[in-house]
Amino acid sequence: MRLEVLTPAEMSECDRRTIAAGPLDGYGLMLRAGQAVASTALSRYPGASRVDVLCGPGNNGGDGYVVAEILRRSGIEVALFAEGSPKKGTDAARARTDCRIEPRPLAEYAPTKGNLVVDAIFGAGLDRPVSGTVMRAIEFTAEARAPVLAVDLPSGVSGETGKILGTAFSAELTVTFARLKPGHLLLPGRTNCGEVIVADIGIPDSVVASVGPKCFENRPDLWRKTLPSWAVDVHKYSRGHVAAFSGGPSATGAVRLSALAAARAGAGAVTLLSPSAALLVNAAHLTSIMLRRCDSGVEALDFISDRRVRAIVFGPGLAPEEPTAAMLRELLGAGENPAVVVDASAITALALDPEGFFEVSAAYEGPLVLTPHEGEFARLFPDLAAQSGSKLERARLAAQRASAVVLLKGPDTVIASPDGRAAINFNGTPLLATAGSGDVLSGIIAGLLAQGMPAFEAACAAAWMHAEAARSLGPGLIADDLPGALPGVLGNLEAGR
Ligand SMILES: NC(=O)C1=CN([C@@H]2O[C@H](COP(=O)(O)OP(=O)(O)OC[C@H]3O[C@@H](n4cnc5c(N)ncnc54)[C@H](O)[C@@H]3O)[C@@H](O)[C@H]2O)[C@H](O)CC1
Ligand SMILES: [K+]
């Protein structure tokens with residue numbers, strides 16, 4: 001499965017290397033791109049009475065001219081509209097010449113319901129908000145509710161960030177080339193793309209590998225090989241021991257959700273470390289999850305080293321205050337190096353002294369995963385949150401600064417590693433927008449880390465499993481239901497589904 005996600009810059013570098021190696025030249029790539037779009041139009045819209053092809057001034061427009069000519073030769077009635085003209089001597093200019101239809105100015109375009117619209121105005125080269133005639137064409141098309149087939153990307157969607165620049169077509173279908181771009185997976189652009197088809201236009205996998213993209217679509221094939229699988233003679237402690245830190249007596253539910261999820265994710269043993277004041281309330285709710293009184297960092301560290309704890313969940317239900325941050329710094333500074341998942345209010349507590357945390361995390365030798373939602377991200381990384389760059393870039397920079405894997409939650413969760421790798425999760429669902437679902441996610445990550453999964457892969461797998469568990473339950477789910485749905489998700493993974 002080709003999981004690499006190429007930025008527009010990486011895509012054009014792939015084009016350049018493919019052309020340099022021959023025999024394909026730029027026009028050959030354009031013909032294949034146009035052919036892929038035209039055959040999709042013919043197969044998916046066989047009843048279209050007329051096709052309006054809208055072409056821009058660059059190579060996206062060049063693809064459009066190839067599409068128009070192929071459809072014309074197939075006997076389809078085609079109306080061609082152009083915004084600007086391709087530069088002389090370019091592949092797009094050649095495609096324009098080879099197209100036997102005379103284009104009319106885009107300003108004359110009036111969509112008609114029932115006509116298919118092929119959007120070849122802007123693609124990977126969009127670098128500023130669309131305006132004027134293009135904006136009107138997009139708005140008219142939306143009003144007419146004419147179906148849109150976008151070439152490479154819907155015009156107005158940034159291939160780099162998924163942001164809408166001005167306005168953008170809402171396509172039913174997008175045909176892109178070689179690999180997905182971040183704009184096909186990040187919101188809101190993902191919504192504007194509709195169904196995305198990735199067409200092979202002859203860019204060799206070896207060329208893609210040589211460009212070395214570091215962003216991937218978060219699918220099981222990305223981390224399946226690192227999933228824990230256990231021989232029959234396994235002992236519970238060899239499947240890893242997780243310690244989860246409980247909050248005070250009125251804030252214990254979050255960590256229990258997390259602890260249960262860690263156990264369901266396969267950890268051999270899970271212990272709740274609870275302050276004395278919350279011991280009874282925790283004890284009343286626990287069965288297979290063990291309980292231990294813990295009122296200080298020293299007691300926690302004793303437990304962690306005595307019981308060879310391999311993963312810690314630190315955050316759900318904890319107070320967003322300095323003592324919480326101080327306890328975490330103490331845990332990270334003690335040299336035991338378990339994997340640590342820092343979630344929820346612990347992230348907010350760290351924001352009281354970010355540099356103090358980054359200093360400790362840079363020296364930490366164990367796996368470290370931060371799981372902020374956008375609000376917690378903005379508290380710990382205020383400058384990055386204010387940046388206009390893509391969510392992918394923000395997560396990547398945060399991972400480097402925190403020397404930790406950063407899982408930036410949302411319907412388009414991004415997982416970024418300090419080594420530069422990143423993954424965009426595509427199976428997110430609004431069903432997860434329910435109290436406590438983040439606590440479950442942090443527990444799944446800890447459960448996988450306790451079994452020895454590397455931090456980046458564990459965070460990717462957990463994000464995917466978390467969403468699959470929600471999808472398997474459907475509407476009406478609450479966070480309490482999620483851990484119980486994990487065995488089904490793990491069973492499907494084990495069966496290779
Ligand atoms: N391997 C591949 O994916 C291939 C893709 N192909 C197509 O090439 C385009 C990218 O072409 P490019 O010329 O770089 O950019 P665009 O055609 O998207 O844009 C043209 C041009 O427009 C200017 N521009 C950008 N934003 C605006 C704006 N808001 N208003 C006005 N003008 C704007 C800017 O100067 C751009 O350069 C890709 O999408 C594919 O469709 C190849 O055909 C084959 C290989
Ligand atoms: K387009």
Side-chain angles (χ1 to χ4, degrees), residues 4-19 24-38 40-41 52-67 81-87 89-96 106 117-138 141 148-161 163-181 183-184 189 192-194 196-204 207-208 211 213:
E4 303 95 340
V5 174
L6 291 171
T7 62
E10 288 168 340
M11 184 74 259
S12 41
E13 178 56 21
C14 286
D15 286 0
R16 197 189 63 75
R17 294 187 188 190
T18 302
I19 293 162
L24 266 178
D25 61 6
Y27 195 56
L29 288 173
M30 185 171 282
L31 289 175
R32 289 175 178 221
Q35 178 62 59
V37 175
T40 304
D52 294 337
V53 181
L54 316 182
C55 292
N59 287 341
N60 197 245
D63 295 351
Y65 290 116
V66 174
V67 175
F81 298 88
E83 172 70 5
S85 301
K87 279 198 198 79
T90 61
D91 293 326
R94 186 173 165 189
R96 163 79 184 76
L106 184 63
V117 179
V118 171
D119 158 28
I121 302 176
F122 298 123
L126 181 80
D127 58 14
R128 52 194 186 277
V130 299
S131 58
T133 321
V134 177
M135 183 174 266
R136 266 194 305 285
I138 292 171
T141 304
V148 176
L149 168 54
V151 178
D152 200 22
L153 287 150
S155 297
V157 172
S158 159
E160 180 86 37
T161 66
K163 293 185 181 199
I164 306 299
L165 303 187
T167 185
F169 281 109
S170 279
E172 279 185 2
L173 206 49
T174 295
V175 178
T176 189
F177 314 113
R179 295 293 190 280
L180 290 176
K181 285 42 176 214
H184 293 120
N192 289 70
C193 292
V196 182
I197 294 173
V198 182
D200 180 352
I201 58 169
I203 308 277
V207 167
V208 174
V211 164

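The first residue of the sequence shown is numbered 1, and numbering continues consecutively from there. When reading the values below, keep in mind they use all heavy atoms of this one structure, side chains included, and skip hydrogens, waters and symmetry mates. Start at 1 and go down the list; that is how both ligands and their atoms are numbered. Just so we're clear, the structure is a prediction, and the values are computed from it rather than from any experiment.
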Can you give me the closest heavy-atom contact between V157 and I164, atom names plus distance? CG2-CD1, 3.8 Å
Straight-line distance of M11 CE to E4 CD, nearest 0.5 Å: 10.5 Å
To check your reading of the model: name the closest protein heavy atom to atom 14 (O) of ligand 1, its residue, and the distance in Å. G125 CA, 4.0 Å
Which residue and non-hydrogen atom of the protein lie closest to atom 23 (C) of ligand 1, and at what distance in Å? R128 NH1, 4.1 Å
Once rounded to the nearest 0.5 Å, what's the spacing between atom CG of L149 and atom CG of L173? 5.5 Å
Taking 3.4 Å as the cut-off, does an N/O/S atom of F122 lie below it from the K ion (ligand 2)? yes
Is there an N/O/S atom in P154 that lies less than 3.4 Å from the K ion (ligand 2)? no
Heteroatom test (N, O or S) for D119 near the K ion (ligand 2), limit 3.4 Å: yes
Before moving on, can you tell me the angle at the K ion (ligand 2) between the OD1 atom of N60 and the O atom of V151, to the nearest 10 degrees? 80°
Under a 4.5 Å cut-off applied to non-hydrogen side-chain atoms, are F177 and V37 in contact? yes
If we number the atoms of ligand 1 from 1 as shown, the ones under 4.0 Å from a heavy atom of D15 are 1 (N), 2 (C), 4 (C), 45 (C)
Within 3.4 Å of the K ion (ligand 2), is there any N, O or S atom belonging to G123? no
Separation between OG1 (T176) and NZ (K181), nearest 0.5 Å, reads 3.0 Å
For V148, the option from I138, D119, D52, V118 that meets side chain to side chain contact (heavy atoms under 4.5 Å, CB included): D119
Measuring from the heavy atoms of T176, does anything fall under 4.0 Å of ligand 1? no
Would you say P129 contacts ligand 1, with heavy atoms under 4.0 Å as the rule? yes
min-distance protein heavy atom vs atom 21 (C) of ligand 1 -> P57 CG, 4.3 Å
Got a donor-acceptor contact below 3.5 angstrom from the D25 side chain to the G28 backbone? yes
Short N/O distance, under 3.5 Å, between G123 and ligand 1? yes
Tell me the protein heavy atom at minimum distance from atom 19 (O) of ligand 1, and give that distance in Å. F122 CD2, 3.8 Å
Output the distance between atom CZ (R32) and atom CD1 (I203), rounded to the nearest 0.5 Å. 9.0 Å
Does any N or O of ligand 1 fall below 3.5 Å from an N or O anywhere on N59, backbone included? yes
Checking a contact table here: which protein heavy atom is nearest atom 39 (O) of ligand 1, and how many Å away? D152 OD2, 2.6 Å
Which residue and heavy atom of the protein sit nearest atom 17 (O) of ligand 1, plus the separation: N60 N, 2.9 Å
L165 side chain reached by F122 side chain, heavy atoms, under 4.5 Å: no
For atom 5 (C) of ligand 1, the closest protein heavy atom turns out to be F177 CD1, 4.0 Å
Would you check whether M30 has a nitrogen or oxygen atom less than 3.5 angstrom from a nitrogen or oxygen atom of ligand 1? no
Between CD on residue E10 and CZ on residue R179, distance to nearest 0.5 Å: 11.5 Å
Of the options V198, L6, T174, which is the one that meets L180 in a side chain to side chain contact (heavy atoms under 4.5 Å, CB included)? V198
Near M11, which atoms of ligand 1 are under 4.0 Å from a heavy atom of that residue? 1 (N), 2 (C), 3 (O)
What protein heavy atom is closest to atom 42 (C) of ligand 1, reported as residue, atom name and distance in Å? D63 OD1, 3.8 Å
Geometry only, no angles: is L29 polar-contacting ligand 1 at N/O separations under 3.5 Å? no
A124, any N or O under 3.5 Å of ligand 1 N or O: yes
CG of L106 to CD of E83: how many Å apart, nearest 0.5 Å? 5.0 Å
Distance-only, no hydrogens or angles: does the D15 side chain make a donor-acceptor pair with backbone N or O of G26 under 3.5 Å? no
